[in-house]
Every structure is written in C-alpha cells, then in structure tokens.
Amino acid sequence: MLQKTQEPVINNISELPLNQATWVTLKKIDYTDQVGSRRTWEVATRKTRGKAGVDAVAIGNIVLHPSRPASTVLVIQYRPPLDSYTVEWPAGLIDADETPEQAAVREFKEETGYDCRLMSVSPVQAADPGMSDANMQLAMVEVQLGEDDEEPEQRLEDGEHIQRVVVPLAELYDRLVEYSKMERMVVAAKLFHFAAGMQFAQTQKYF
C-alpha cells in the first residue's frame, strides 16, 4: 500500500449515462401491489453478480490471543459516495466463480493479512431493499494468534487504502460511538447493528 500523502478530495460529480456504468445500473420495475394498483419502482442493481447469486460478503471476525482479550479487526477506508471514511468489518464482492465461503476467506486475507477459520455463513440478506436488489451474506471467522505473532502484511489491490484497527469486543460498541462523533467518519450500519445487539443483550433484561 502506498503511503498516504493527502486527504482524498472529490473533484467533480456528474451524471453517469447507463451505457458507461461498469459496476451498477438502474432499472424500472412495473408491478401490481397488494390491493391491485399498478405502480413503478426505481432500483439500482449490480452488474457483477456471479454464479453464487450473491453480490457480496461481509466478514465478522473474532481474534483470539493467548494473553489479550477477544477482539475484532475493523477496517477504515475512504468511501467516495459519502466523501467520508467508513469504519467497517472487512467485506467485498464475490467473484464470478467463487462461493461466498471462498470470497470471505480471500477478502479477509487481502484486507487484514490474517489467515482465518470459517465458522458460519448467514442466509442471504438484503443490503438496502428500498433502493437496490443488492444482497449479501455475513461470514463469521476466527483468527487464532500465537503469543509472538507479528501483524501480517495486507494484500491490497491497486487503489485500496485500508487501515486495520483491532478492538476488544468488550469495547466495540463504545469505540464505534466515539468513531461516529469524529469528523468525516461514518460507522457502517451492519457493524454498528452487531455491536448494538451485543450491547442490548448485555444491558437489558428481556432474555
């Protein structure tokens, strides 16, 4: 990864003709609703969905170390649509011939440098159903470290600038709240929902 020399800057925002779009396109859905009325809906759709029938995978992760508390690896990267840095779990698109499981192990290695053990993969989930048909799955992985293991080298692609942060699970919710207060920093919804669920389970008495 190249050394950061400046903060990212948006130079221009313009309309994109659909025939020039590489990754996404727009479609119009004509449908009949539950009471028989004809309606339309605009939807953004990815062009990259492969054989798995799933667009992307996010990788929730638990890092275990002999003398440190159980932690998780977060990634911080600039996202042009928000003109902000996002705090996320590692994630990525599933390649055309990959399974979600293969994509999870590959993306986690690329973005964090760590080898991992796949523990589970969720059912297919909607990513933003009011705007897009994009879908995803959540893979949970485990990283087992030795006492003297050093931080591994990331395997980032050209154009990727990703900072790793290891956060103890017990501090995750509070750390994300603090990130959300920082200028030009946004916490990804999927990650915050996980942390908020942990916090809710620990502090409420409903179950």
Side-chain angles (χ1 to χ4, degrees), residues 7-8 10 23-24 43-44 46 54-65 68-94 100-101 103-114 116-143 151 154 156 160-207:
E7 288 298 321
I10 290 180
W23 300 96
V24 295
V43 58
R46 289 191 181 275
V54 184
D55 294 313
V57 61
I59 306 113
N61 61 90
I62 309 299
V63 179
L64 301 176
H65 187 277
R68 300 171 190 164
S71 301
T72 190
V73 183
L74 309 181
V75 293
I76 300 175
Q77 58 188 314
Y78 175 72
R79 294 294 196 181
L82 301 174
D83 191 25
S84 296
Y85 292 92
T86 58
V87 184
E88 311 174 44
W89 264 335
L93 296 178
I94 299 170
E101 292 83 357
V105 173
R106 174 184 57 79
E107 285 285 353
F108 192 75
K109 179 74 171 181
E110 290 175 0
E111 295 193 2
T112 72
Y114 290 105
C116 66
R117 179 178 70 86
L118 185 70
M119 296 191 294
S120 65
V121 179
S122 76
V124 178
Q125 305 162 345
D128 191 352
M131 187 187 75
S132 173
D133 65 355
N135 60 15
M136 61 165 294
Q137 289 178 270
L138 174 65
M140 293 300 299
V141 306
E142 181 183 271
V143 178
E151 187 174 58
Q154 295 165 289
L156 301 178
E160 287 187 315
H161 305 277
I162 297 176
Q163 175 189 355
R164 297 168 293 188
V165 181
V166 178
V167 176
L169 285 172
E171 301 175 14
L172 180 59
Y173 179 80
D174 290 338
R175 290 283 292 274
L176 295 182
V177 170
E178 289 303 312
Y179 274 126
S180 70
K181 297 176 182 177
M182 298 172 64
E183 185 178 357
R184 215 181 184 193
M185 190 77 74
V186 178
V187 177
K190 295 182 289 291
L191 175 59
F192 192 85
H193 293 168
F194 179 89
M198 288 180 56
Q199 177 79 357
F200 187 87
Q202 293 168 353
T203 58
Q204 303 303 315
K205 307 299 180 183
Y206 297 108
F207 49 89

Those residues at least two apart in sequence (or on a different chain) that pass ring-ring contact (aromatic ring centres under 6.0 Å, His included) with F192 are Y173

The ring-ring contact (aromatic ring centres under 6.0 Å, His included) partners of Y114 (sequence neighbours excluded) come to none

Determine whether a donor-acceptor pair (N or O, by modelled atom type, separation under 3.5 Å) exists between the side chain of [X] and the backbone of [Y].
X	Y	answer
Q154	E111	yes
S84	M185	no
S180	E178	no

With sequence neighbours excluded, residues passing salt bridge (Lys or Arg N to Asp or Glu O under 4.0 Å) with [X]:
X	result
D83	R184
K109	D115
R106	D95, E98, E110

For [X], give me all partners under side chain to side chain contact (heavy atoms under 4.5 Å, CB included), at least two apart in sequence or on another chain.
X	value
D133	V43, T45, R49
F194	W89, L172, M198
H65	S67, R68, L145, E147

Approximate separation, where rounding is to 0.5 Å, of [X] [atom1] and [Y] [atom2]:
X	Y	atom1	atom2	answer
C116	I59	SG	CD1	7.5 Å
I94	E101	CD1	CD	8.5 Å
L93	R46	CG	CZ	4.5 Å
E151	T112	CD	OG1	9.0 Å

Q. Are the side chains of Q137 and V54 in touch, meaning some heavy atoms are under 4.5 Å apart?
A. yes

| request: Indicate yes or no: at least one non-hydrogen side-chain atom of L191 is less than 4.5 angstrom from one of V87. | output: yes

All heavy atoms of A58 vs all of A91, minimum pair found to be CA-CB, 3.8 Å

In short, side-chain hydrogen bond (donor to acceptor under 3.5 Å, both in side chains) pairs touching residues 198-207 with sequence neighbours left out are none

For residues 117-128, the salt bridge (Lys or Arg N to Asp or Glu O under 4.0 Å) pairs (sequence neighbours left out) are R117-E142

Applied to residues 73-82, the salt bridge (Lys or Arg N to Asp or Glu O under 4.0 Å) test, sequence neighbours excluded, yields R79-E88

Residues 118-127, side-chain donor-acceptor partners within the protein, below 3.5 Å, at least two apart:
from: S122; atom 1: OG; to: Q125; atom 2: NE2; distance (Å): 3.2
from: S122; atom 1: OG; to: L138; atom 2: N; distance (Å): 2.8

